[in-house]
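Everything below concerns the one structure shown next.
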Amino acid sequence: MAEQLPILYRDEHIVVIDKPPGLLVHRSEIDRHETRFAIQILRDQIGQRVWPAHRLDRGTSGVLLFGLSSEIASQLGRQFAAGTVEKRYWAVVRGYPPAAGSIDHALSRQRDAYEFSGERSSSEAQPALTHFRKLAEIELPVAVDCYPCSRYALLELDPITGRRHQLRRHLKHLAHPIIGDATYGKGRHNRYFAEHLDCHRLLLACTELTFEHPLSGQRQQIKAPVSGEFAAILARFGWQPVQ
């Protein structure tokens, strides 16, 4: 049976899926040998072409929005660019961040190897803002790093801007990197989760997306509860936050 993606919402103009972790949205130089892409799987699943309105990192799971025409996808994309789309994420991080706060830290632009890099494509840092709120925390009697115990927290994240890898880079800047992040995280903690907690993924998920429907103009709120290894970690730690 062909691979199926969980569809959260669909009408004649848009379709929204719950992207699993480890799946690329579209073909990329990140992995030239990869043959599975969300665009291709969803196209085959619903029998028509789809256009992504935004993107999620390969390791990030959760709400992913597509237009069923290039025009609709462009309209949705403009909402993301204008900052009118409300995005909410959950992440498990190392340490105990404050109960709530904002990370206002400019980020240098990151590009794929094939992207234009001429005069007009400046690498100057761009403003980037993320609000966060701590939902739960735990201390484990395990010496993963140089401390006798290890602390972890579940954060709710609201990125106001949409820079590439913004949440992962912002949490590294805050010194509370996301668990499972091989690029910006802490290897010892990632290995501990993989080897002792059977969690091998980036613990970052888009749990909610609110946007304006391009035809009706009505605000649409789409939610995706965390599942799989992410949900198993919440259960193991006894975390029961309301989503």
Side-chain angles (χ1 to χ4, degrees), residues 18-25 28 30 38 52-65 77 79-81 83-112 125-137 151-187 189-190 193 199-211 222-231 233-234 239 241 243:
D18 184 358
K19 185 186 90 66
L23 181 66
L24 287 169
V25 175
S28 168
I30 294 171
H54 62 122
R55 67 180 178 183
L56 295 176
D57 290 345
R58 180 179 193 157
T60 306
S61 61
V63 186
L64 184 62
L65 172 61
Q79 292 185 45
F80 281 92
T84 60
V85 177
E86 296 175 35
K87 299 161 282 185
R88 181 154 293 169
Y89 290 75
W90 278 9
V92 177
V93 303
R94 182 187 69 82
Y96 282 0
S102 298
I103 310 168
D104 188 355
H105 175 68
L107 297 170
S108 60
R109 181 171 176 182
Q110 292 190 337
R111 298 181 186 77
D112 294 318
Q126 299 170 296
L129 176 63
T130 301
H131 301 312
F132 68 88
R133 181 168 67 97
K134 186 163 57 181
L135 302 178
E137 59 186 28
R151 294 175 168 181
Y152 302 101
L154 176 66
L155 296 185
E156 179 183 86
L157 303 165
D158 296 312
I160 304 305
T161 50
R163 309 307 177 198
R164 191 167 187 189
H165 299 168
Q166 176 172 317
L167 298 178
R168 295 163 59 191
R169 296 165 76 189
H170 265 177
L171 287 162
K172 178 188 177 184
H173 175 74
L174 198 64
H176 295 289
I178 300 175
I179 299 299
D181 191 337
T183 304
Y184 306 103
K186 296 275 285 188
H189 293 275
N190 295 347
F193 270 68
C199 182
H200 307 269
R201 59 159 292 180
L202 173 70
L203 287 175
L204 177 64
C206 180
T207 59
E208 186 179 315
L209 208 62
T210 305
F211 56 94
I222 311 293
K223 295 185 178 184
V226 296
S227 58
E229 292 180 2
F230 204 141
I233 286 294
L234 300 191
W239 290 344
Q243 189 160 306

*What residues, two or more places apart in sequence or in another chain, satisfy side-chain contact (heavy atoms from CB on, under 4.5 Å) together with Gln79?*
Leu76, Thr84, Val85, Phe211, Glu212

*Is the backbone of Lys186 close enough, under 3.5 Å, to the side chain of Lys172 for a donor and an acceptor to pair up by distance?*
no

*With sequence neighbours excluded, residues passing side-chain hydrogen bond (donor to acceptor under 3.5 Å, both in side chains) with Ser102*: His131

*Residues in ring-ring contact (aromatic ring centres under 6.0 Å, His included) with His200, at least two apart?*
none

*Among pairs that include at least one residue of residues 89-107, which meet salt bridge (charged side-chain N to carboxylate O under 4.0 Å, His left out), considering only residues two or more places apart or in two chains?*
none

*asked:* If the condition is side-chain hydrogen bond (donor to acceptor under 3.5 Å, both in side chains), which residues does Lys87 pass it with, not counting sequence neighbours?
replied: none

_Under 3.5 Å donor-acceptor, Glu208 side chain and Val63 backbone_ = no

*Tyr152: what forms a side-chain hydrogen bond (donor to acceptor under 3.5 Å, both in side chains) with it, not counting sequence neighbours?*
His189

*Qualifying residues under salt bridge (Lys or Arg N to Asp or Glu O under 4.0 Å), relative to Arg168, sequence neighbours excluded*: Asp57, Asp181

*Where does the angle between the aromatic ring planes of His165 and Tyr184 fall among parallel (under 30°), tilted (30 to 60°) and perpendicular (over 60°)?*
perpendicular

_Under a 3.5 Å cutoff, is there a donor and acceptor pairing between the side chains of Thr130 and Arg169?_
no

*Who are the side-chain contact (heavy atoms from CB on, under 4.5 Å) partners of Asp18, not counting sequence neighbours?*
Pro6, Leu8, Ala224

*Does Arg88 have any salt bridge (Lys or Arg N to Asp or Glu O under 4.0 Å) partners at least two apart in sequence or in another chain, and if so, which?*
Glu156, Asp158

*asked:* Could you work out, with salt bridge (Lys or Arg N to Asp or Glu O under 4.0 Å) as the rule, every residue matching Lys134, not counting sequence neighbours?
replied: Glu137

*Taking C-beta and beyond as the side chain, do Arg164 and Arg55 meet within less than 4.5 Å on heavy atoms?*
yes

*Under 3.5 Å, side chain of Arg163 to main-chain N/O of Pro127, donor-acceptor pair present?*
yes

_For Tyr96, ring-ring contact (aromatic ring centres under 6.0 Å, His included) partners two or more places apart_ = none

_Non-hydrogen atoms of Phe80 and Ala53 that approach each other most closely_ = CD1-O, 3.8 Å

_Minimum heavy-atom separation for Ala128 and Thr161, please, with both atom names._
CA-OG1, 3.2 Å

_Between Arg201 (side chain only) and Leu204 (backbone N and O only), is there a donor and an acceptor less than 3.5 Å apart?_
yes

*Side chains of Tyr89 and Leu56 in contact at under 4.5 Å (non-hydrogen atoms)*: yes

_With sequence neighbours excluded, residues passing side-chain contact (heavy atoms from CB on, under 4.5 Å) with Ala136_ = Leu154, Trp239

*Side-chain contact, heavy-atom cut-off 4.5 Å: Leu209 with His54?*
yes

